[in-house]
Structures are given as C-alpha cells and as structure tokens.
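Taking it in order: structure first as structure tokens, then the write-up.
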Amino acid sequence: MDFLEELNESQRVAVEHIDGPMMVIAGAGSGKTRVLTYRIAHLLKNGIDSFNILALTFTNKAAREMKERIHKVVGGTEAKNLTMGTFHSVFARILRHNADKLGYPSNFTIYDTQDSKSLLKTIIKEFGLDDKIYKPGIVYARISGAKNNLISPKAYENNTNIIAEDRMSRKPELYRIYKEYAARCFKAGAMDFDDLLYQTNVLLRDSPDVLHYYQHKFQYILVDEYQDTNYSQYIIIKKLAAVYENICVVGDDAQSIYSFRGANVENILNFRKDYPDFKLYKLEQNYRSSNTIVQAANSVIEFNKDRIKKEVWTLNSEGERINVIRCMTDNEEGRVISNRIFQMKQQKGLDFKDFAILYRTNAQSRAFEESLRKLNLPYKIYGGLSFYQRKEIKDLIAYFRLAANPKDEEALKRIINYPKRGIGKTTIDFVTLAARQYDVSIWDVISDFTRYPVNIRVPAQRKITDFVTKIQSYSAQIETAPAYDLAETIASSTGILKDLYDDKSPEGVVRYENIQELLAGIKAFSVQQEENDEVATLSDFLVDVALLTDADHEDEEDNDRISLMTIHASKGLEFPHVFVVGLEENLFPSQLSLTSREDLEEERRLFYVAVTRAKETVALSYAISRFRYGQLVTSEPSRFIEEINPDFLHFENERKQTGGRSMNSYNRPTNQESLQGKIGVAPKRNLVPLNQMKNKGSADKEAIINENLKVGHNVEHGRFGKGKVLSLTGEGQDVKADVFFPSVGKKTLILRFAKLKIIG
DNA sequence: AACAACGGGCTTTTT
DNA sequence: GCCCGTTGTT
C-alpha cells in the first residue's frame with residue numbers, strides 16, 4: 001500500500017519533493033525510474049490533477065512502461081490524463097493542435113531522415129551544386145545543428161561565423177540550401193524531426209496565448225535523461241516551467257552519450273543558474289550490479305575530467321571479476337562468445353534472455369549472428385534497420401501519407417511509380433519542372449493538367465490521372481474510415497500486396513509478411529484507440545507512426561532470446577550477463593572520437609553505460625584482426641580495458657611472454673604492492689606507460705613531428721585530409737593544435753593521438 | 001521504360 | 001563486403 005516504504009532514504013526525499021525546482025543526479029542502476037514513477041504517483045496522491053503533469057522521456061517505450069507502473073501504484077484511471085512521452089511525440093501532438101498558428105496544416109507530415117536527405121539531394125541538384133562536396137548527410141547534419149540551436153535560416157545567413165565556417169569548408173551555398181529546404185518543407189506541409197522541437201519553440205515564442213495555456217496546463221514537469229537534451233529542448237522546458245517552476249529533471253552526466261546529435265550536458269550544469277533555489281538529490285546507491293562491476297565502472301569513468309562528483313556504491317555482493325577475452329579474429333570472437341553463452345547457460349541453468357551482447361557499431365552484429373545461428377541459439381537483434389524503415393513498409397505508409405497530405409512530395413516521389421504503372425523518369429522530371437515553374441506543388445500540377453499544362457504525352461497524362469484519382473479516393477476516406485479497413489484497401493487496390501505476394505524469393509516472402517505485420521499493427525492500434533474514444537482512422541495512425549522505432553514493435557512471442565544491440569540502444573536496460581565486444585582502438589573508442597577530449601570522454605561514458613548494464617557478470621572481448629571496409633585490419637586492445645583497475649579484471653588466454661608490446665602490461669602480478677610500483681596510482685598513472693608503449697613503434701617519427709610542428713604549417717591528417725595549423729597550445733603530452741581543414745572546418749587535435757604529417 | 005552491370009562510398013551512435 | 005545509386009543497354 002504505502003509505496004514510500006519501498007524506497008531508500010535518498011530516493012524517498014526526492015519522491016516527497018512536491019513544489020519548486022529539483023534535480024536528481026542518478027548513478028547507473030540507482031533506481032532512477034522508480035523515483036520518477038513514484039514521484040508522479042506521489043503527486044497524484046497529493047491531489048495534483050494528472051491533467052497538469054507533463055513527463056518527458058527519452059523513448060516511447062520508457063513512457064509506456066512508466067505509465068503502466070504508475071497505473072499499478074495509484075490504480076483507477078488516474079494515470080490516463082498524464083501527458084507522457086518523448087519530446088518529439090508530445091510536441092508533435094501539441095503542434096498538430098496549433099498548426100494553424102504556424103501556417104501548417106494540422107495533418108502535417110513528419111519527414112524522417114531519409115525524406116530529409118532526399119529533399120536536400122533534390123535541392124542540391126537543382127542548385128547545380130556538386131553533391132560530392134555538398135553531401136546530403138553532411139548538409140543535413142549542419143542544418144540539424146542549426147535547428148537544434150534555434151538558428152533560423154535568416155539568422156544562419158546573417159551569422160558571420162557560420163558563413164565563414166561554411167566558406168572554409170567549401171560549402172558557401174549552405175545557407176541557401178537551408179533556406180530552400182525550410183521553404184520546401186513548409187510548402188509540402190512537412191516537418192522534420194528537428195522541426196518538431198524547433199517549431200514548438202516558434203509556436204511558444206509567437207503565440208502568447210498558446211504559451212500561457214501550456215504553462216498553466218503543465219504545472220508539474222518532469223524530464224528524464226536530462227543529460228541528453230539539446231538546446232532546443234532546454235528552451236521549451238524553460239519556457240513551460242517559467243510560471244510554476246515545478247520542474248524536476250533527472251539524469252546522469254556520466255551517461256550522456258548523445259552529444260553527436262546535439263545533446264548538451266551543460267543543460268545539467270546550467271540548471272543551477274536558471275533555478276538558484278533548486279534542490280539537488282543524488283542517488284548513489286546502485287541496486288543493479290555486483291560490487292566488482294560498480295567499482296570497475298567507477299575506475300574507468302574517473303578518467304573523465306568533465307563530470308559531476310558522485311560516488312556510486314553498492315551493498316551487493318562482490319561478484320566475479322570481469323573477464324577479458326582475447327581473440328584472433330572477429331569471427332573467432334563470435335564463436336568464443338557464443339560458446340561461452342551456451343556453457344554458462346548449461347552450467348548455471350540460465351535463460352537466453354539473461355544474456356546481452358553489446359557492440360559499438362551495428363556492423364559488428366554479423367559475426368555473432370552467424371555463430372549463434374550455427375549453435376542454434378536464439379537471439380534478437382535490436383536496432384539496425386528498423387521495421388518502419390523497411391522499403392515495403394515505407395512504401396505503403398507513403399500511400400497513407402500522400403492520402404493525408406497530397407503536398408507531401410517525398411511520399412509522392414516514392415510511390416508515383418510503385419508498383420510499376422509506367423510513369424517513368426522523364427515524365428516525372430517534366431512534371432517536377434513544371435511545378436517549379438508554376439511555383440506550385442507537384443500534386444497541384446498532376447491533379448489539374450488543364451490549369452497547369454505540361455508537355456508530356458497523352459498516355460503518360462492518363463496514367464498519372466489514374467494515379468491521382470486513386471489517391472483522391474483514399475483521401476476522401478482517410479479522416480473517417482476505420483484505419484484497418486482503409487489500410488487493407490490501399491494495400492490491395494494499389495497492387496502492393498499482389499506485387500509482393502508474387503515475389504517468391506525469400507526476401508519477397510519476408511516483405512509480404514512485413515506488410516501483413518504492419519496491417520496487424522494497425523489493427524492493434526485501432527483496438528487500443530477504440531477503448532478510449534471513437535473510430536481510429538489512418539490519419540490518427542500516421543500521427544504516431546513517424547515517431548515509432550522498432551523498440552515499439554516488439555513481438556511478444558518467444559521472448560527467451562539473447563539480446564544483440566548497440567550500446568546506445570542498451571541505455572536504460574539491464575541484463576544479468578553482459579558481453580561488451582569489439583574493445584579495440586579505433587573501433588571502441590571509435591576512430592572518429594580520437595581527435596578531441598570531449599569526444600573521447602563521450603566514448604568513455606559509452607563504455608561506462610555498457611559495463612553498468614550488467615547485474616552479475618561482464619566480459620570484455622577484442623579481436624586482434626577483423627574485417628572492416630572489406631579488408632582485414634589489425635587492432636590493438638582498447639584503452640578502456642587498461643583503464644579499469646586491474647584488481648577487477650581476469651585475463652583469459654593471456655598472451656605468452658614473448659616480449660610483445662602493450663599486452664605485457666596485462667600479465668600483471670596480482671600483488672598490490674608490485675602493482676603500485678609498476679603502474680603508479682590509479683587512475684592517472686595508467687596513461688603514461690600506456691602511451692609510451694603505444695608509441696613505441698613510431699616514437700621517433702612522432703616526436704619529430706610534434707617538435708617541428710609550427711603555426712602555419714600545412715599538415716595532413718588521416719581522416720580530415722590536408723589542413724593548416726592555426727595555433728598550438730599546451731605542453732608535453734597535452735600539446736593541442738587548432739587545425740583548419742577545408743573539408744570539415746576547424747578541429748582541435750591532441751597531437752598525441754592525431755597522426756599529423758607535415759607537408760610543405 | 002525496364003533491367004543489368006558497374007562503381008563508389010561507407011561504418012558511429014537515433015528521436 | 002555490401003548496399004545504394006548511377007550508367008549503359010535493350
């Protein structure tokens with residue numbers, strides 16, 4: 001009955017905090033979710049209307065689970081009116097309600113990354129720019145960065161720094177692309193992922209009545225995973241909380257792993273500035289992991305400079321040491337770990353679902369898939385190509401999208417000739433050109449050739465008109481017809497179902513099944529919606545679908561499987577036995593992270609997240625050589641292994657004492673004294689001998705490079721290409737160089753890590 | 001307009 | 001090594 005008794009002292013005081021700003025710094029496995037859910041339950045028990053509570057989570061799944069748990073604690077229908085979800089889904093809803101104020105249709109389309117890149121590519125082509133220089137991915141990242149920092153196209157154009165950066169990276173036209181991209185999205189009635197936050201900001205800025213409404217609706221605001229919010233999200237929260245200041249943020253700076261997409265750890269640090277009288281709660285007792293795991297994780301994260309002081313501890317038993325497994329190849333790594341899982345399962349009577357294999361990049365899953373399949377061990381891969389990103393799924397959804405919003409040009413382009421209906425490239429080109437000339441959407445042109453004459457042959461026009469008629473008939477029903485019925489009608493009357501059914505190749509069969517699965521999903525969605533109100537339409541389904549990820553698409557049947565996923569995907573999860581694989585320099589830490597301390601520290605936090613997923617045992621593995629880019633490359637073990645206090649490690653199949661290189665340090669005496677003498681005091685000490693060893697082979701060369709490097713030198717970098725040294729700072733080990741690379745802009749490089757060649 | 005063959009780029013991570 | 005997109009062929 002009294003849920004407060006299920007909490008420890010520090011959890012309880014945090015839960016009992018009702019009014020005023022508060023921040024919870026929650027170490028890994030410290031019961032963060034429990035505090036969040038119980039605090040909401042506590043608010044409700046204290047008479048706060050669920051209508052007035054906003055809780056923002058990082059994933060849809062987290063929101064769903066939290067809602068269920070709250071429902072269990074408070075019972076009844078109390079939890080129904082909570083506003084709970086990801087930033088993107090919550091504000092997408094709010095935007096739909098208020099779209100007119102922004103000049104958007106309420107059924108605006110949400111462009112996913114693919115749509116965005118495709119549109120950018122079109123624009124780059126239309127501008128006659130070289131898409132080797134203006135790569136859609138890079139352009140997208142640049143625009144995304146701007147939006148997440150609330151820089152409008154106009155502000156972008158007027159920002160001399162940004163313009164200078166773009167010039168230096170040989171992309172002076174970027175501001176024009178951004179402008180056009182924003183205009184085209186608007187014309188298409190589409191928002192991309194970043195727009196959902198950006199336009200929310202615009203809305204709250206320009207519509208005082210809307211701001212006022214939500215400020216008073218959301219009297220209590222809770223934000224989970226606060227360390228992974230970006231500036232745009234930060235401002236939304238700040239504005240909404242401005243009246244009541246009942247804001248509760250929960251996070252762990254040590255688990256911030258999304259800065260690459262604009263997340264800003266400083267939001268945590270700035271919290272005290274915005275709310276000087278805030279209350280800080282720290283959850284430091286770990287309930288998840290063995291003491292060995294907790295201590296090992298602590299010993300690694302200490303290498304990071306940027307962190308909030310925090311002492312994670314546990315009363316859990318000591319547990320087993322962390323196994324370090326050395327393999328010759330990536331395939332062997334797969335075999336060894338698959339066998340290990342099989343053995344452990346047999347010996348300890350475990351389930352498959354007790355195991356997880358975590359890796360840095362999705363590409364690594366292959367070797368494990370193969371070996372697990374050979375041993376007949378069931379597994380499930382999370383991530384990779386999401387269900388909703390499969391071609392056949394996107395195709396069918398594109399029909400839904402187009403029916404809901406005919407101006408959605410990305411959807412139109414996708415399906416105008418799929419299934420094949422004889423509308424070819426030249427025809428589409430003509431129509432597109434005409435649309436640009438008349439300054440209307442493609443749909444406007446093709447739905448009214450008398451008004452917008454196009455120079456294409458009559459048969460082509462007929463085919464297009466047939467297509468248009470079809471879409472129009474769907475459009476007529478999309479707001480009213482039951483979702484499942486219309487979806488099925490579309491799937492069959494467009495010929496998609498038949499097209500896939502006729503394909504008897506294994507892939508074709510899977511595609512057909514996927515479509516059936518999507519239809520089943522729509523059915524389930526309808527049933528769920530009908531519990532609340534009236535008929536669910538496809539239009540309703542579309543509101544959700546763009547923001548679904550495959551974590552939201554879990555098949556319930558047969559859940560006893562080994563989990564394979566990236567470390568990013570594992571955030572928030574826990575498993576009894578965890579294998580963190582591919583611990584090699586240039587893979588984990590990623591090569592791309594080695595140029596700056598900030599990036600390297602993020603990799604280290606990622607490693608911290610990986611290790612702290614485990615309850616009972618952790619094993620770390622690496623391969624001496626592995627296939628990458630189709631080539632065999634040899635690698636050294638990751639620095640992260642060496643950064644763990646060796647007291648917590650156990651090295652399997654150590655290398656023989658053959659006077660090799662860095663691996664010798666693994667044959668450490670277990671005796672503490674001699675350990676101290678050899679390696680010095682943790683954690684700082686490990687670095688020095690490590691680096692000396694790493695540089696052994698090329699020490700001379702590198703020393704020369706470092707000493708001779710002067711401001712103004714032209715240098716070459718393995719990844720960034722040629723560049724010019726702007727300035728040098730620091731001494732000894734820590735010499736850093738600001739180097740300007742035409743390809744990527746200014747980079748600060750730690751010379752110790754960056755292999756710079758002086759040229760000319 | 002449809003299909004086959006070739007070439008390039010890619011591997012961080014995702015709402 | 002694979003996937004995607006572009007090019008060339010019919």
Side-chain angles (χ1 to χ4, degrees), chain A residues 56-63 85-92 110-114 116-118 121 125 131-132 135-138 140-141 144 147-148 191-198 225 228-230 232-233 256-263 330 358-367 382-386 388-389 391 417-429 457 459-460 463 507 544-552 565-571 582 586-594 599-600 602-603 605-607 609-610 626-633 719:
Chain A
L56 296 164
T57 59
F58 194 67
T59 62
N60 297 307
K61 197 177 156 204
T86 62
F87 271 88
H88 289 86
S89 69
V90 166
F91 294 114
I110 297 173
Y111 276 177
D112 66 16
T113 312
Q114 259 183 57
S116 298
K117 285 186 188 166
S118 150
K121 201 174 169 187
K125 267 199 189 142
D131 65 357
K132 293 266 159 36
K135 288 182 193 163
I138 291 175
Y140 177 73
S144 174
K147 282 187 185 167
N148 285 329
M191 295 199 196
D192 66 16
F193 283 136
D194 302 314
D195 277 330
L196 296 176
L197 307 173
Y198 179 90
E225 308 283 12
D228 285 326
T229 52
N230 60 35
S232 180
Q233 293 167 321
S256 157
I257 54 174
Y258 281 99
S259 75
F260 69 91
R261 68 176 205 217
D330 46 355
L358 307 181
Y359 35 76
R360 181 64 180 77
T361 64
N362 280 309
Q364 288 166 257
S365 69
R366 175 177 290 269
Y382 294 78
L385 192 56
S386 133
Y388 297 97
Q389 283 174 26
K391 183 188 174 303
N417 197 31
Y418 177 82
K420 303 248 146 68
R421 49 175 71 86
I423 303 173
K425 191 175 174 303
T426 24
T427 311
I428 296 169
D429 283 348
R457 296 173 190 284
K463 287 173 192 161
E507 300 85 19
D544 282 13
V545 78
L547 299 172
L548 292 179
T549 55
D550 70 73
D552 304 308
M565 65 185 86
T566 65
I567 299 162
H568 282 89
S570 77
K571 189 160 103 160
N586 296 333
L587 179 60
F588 191 19
S590 153
Q591 188 164 19
L592 302 178
S593 74
L594 297 181
D599 288 351
L600 181 59
E602 177 144 321
E603 294 285 306
R605 291 193 294 269
L606 195 55
F607 182 65
V609 168
R626 82 167 55 236
F627 269 100
R628 291 179 83 183
Y629 329 102
Q631 279 187 25
L632 200 63
V633 294
R719 185 161 62 94

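First the proteins, then the strands, lettered A, B, ... as listed; each starts at 1.
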Between [N] atom [atom2] and [X] atom [atom1], what is the distance in whole Å?
X	N	atom1	atom2	result
A:K571	B:dT15	NZ	C1'	12 Å
A:Y382	B:dT15	OH	P	14 Å
A:I257	B:dT15	CD1	C1'	13 Å
A:Q591	B:dT13	CD	P	15 Å
A:I567	B:dT14	CD1	C1'	15 Å
A:K117	B:dT14	NZ	P	12 Å
A:D194	B:dT15	CG	C1'	9 Å
A:L358	B:dT13	CG	C1'	13 Å

Exercise. A:F260 versus A:H568: any side-chain heavy-atom pair under 4.5 Å?
Worked result: yes

Problem set entry | Ring-on-base stacking B:dT14 with A:Y258 (under 5.5 Å, under 30°) | no

If you round to the nearest 0.5 Å, how far is [atom2] of [Y] from [atom1] of [X]?
X	Y	atom1	atom2	value
A:D131	A:I138	CG	CD1	11.5 Å
A:L196	A:I110	CG	CD1	5.0 Å
A:Y198	A:N148	OH	CG	11.0 Å
A:K117	A:K135	NZ	NZ	12.0 Å

Exercise. 5'-most contact on DNA chain B: A:E603 or A:T86, nearest heavy atom basis?
Worked result: A:E603

Problem set entry | Nucleotide of C:dC2, C:dT6, B:dT15 approaching A:K121 most closely (side-chain heavy atoms) | C:dT6

Seminar exercise, completed: Per atom distances to the A:H568 side chain, the nearest of B:dT14, B:dT15, C:dT6 is B:dT14

For this session: Remember a base hit wins even if backbone is also touched, and classify A:K125 as base, sugar-phosphate or nothing at under 4.0 Å, heavy atoms.
Result: sugar-phosphate

Review item, nucleotides 1-4 of chain B N/O atoms under 3.5 Å of protein N/O:
from	atom 1	to	atom 2	distance (Å)
B:dA1	OP1	A:G422	O	3.4
B:dA1	OP1	A:G424	N	3.0
B:dA1	OP2	A:T426	OG1	2.9

Problem set entry | Cation-pi check, A:K391 onto A:Y418 ring (under 6.0 Å, within 45° of axis) | yes

Exercise. Can any side-chain N or O of A:N586 pair as donor or acceptor with the backbone N or O of A:S590 at less than 3.5 Å?
Worked result: no

Exercise. Under 3.5 Å, is there a donor-acceptor pair between the side chain of A:E602 and the main chain of A:S259?
Worked result: yes

Problem set entry | Intermediate values then yes/no, side chain to side chain contact (heavy atoms under 4.5 Å, CB included), A:V90 and A:L56 | CA-CA 8 Å; A:V90 166; A:L56 296 164; 3.9 Å; yes

Problem set entry | Basic-acidic side-chain contact under 4.0 Å: A:K147, A:D195 | yes

Problem set entry | Any A:T566 side-chain N or O less than 4.0 Å from OP1/OP2 of B:dT14 | yes

Exercise. Between A:T86 and A:F91, does a side chain to side chain contact (heavy atoms under 4.5 Å, CB included) hold up when you go through it step by step?
Worked result: CA-CA 8 Å; A:T86 62; A:F91 294 114; over 6 Å; no

Problem set entry | Heavy-atom pair of closest approach, residues A:L600 and A:L594 | CD1-CD2, 4.1 Å

Protein and nucleotides 8-11 of chain B: nitrogen or oxygen contacts under 3.5 angstrom:
from	atom 1	to	atom 2	distance (Å)
B:dC10	OP1	A:K135	NZ	3.3

Are any protein N/O atoms closer than 3.5 Å to N/O atoms in nucleotides 5-7 of chain B? If there are, list each pair with its distance.
none

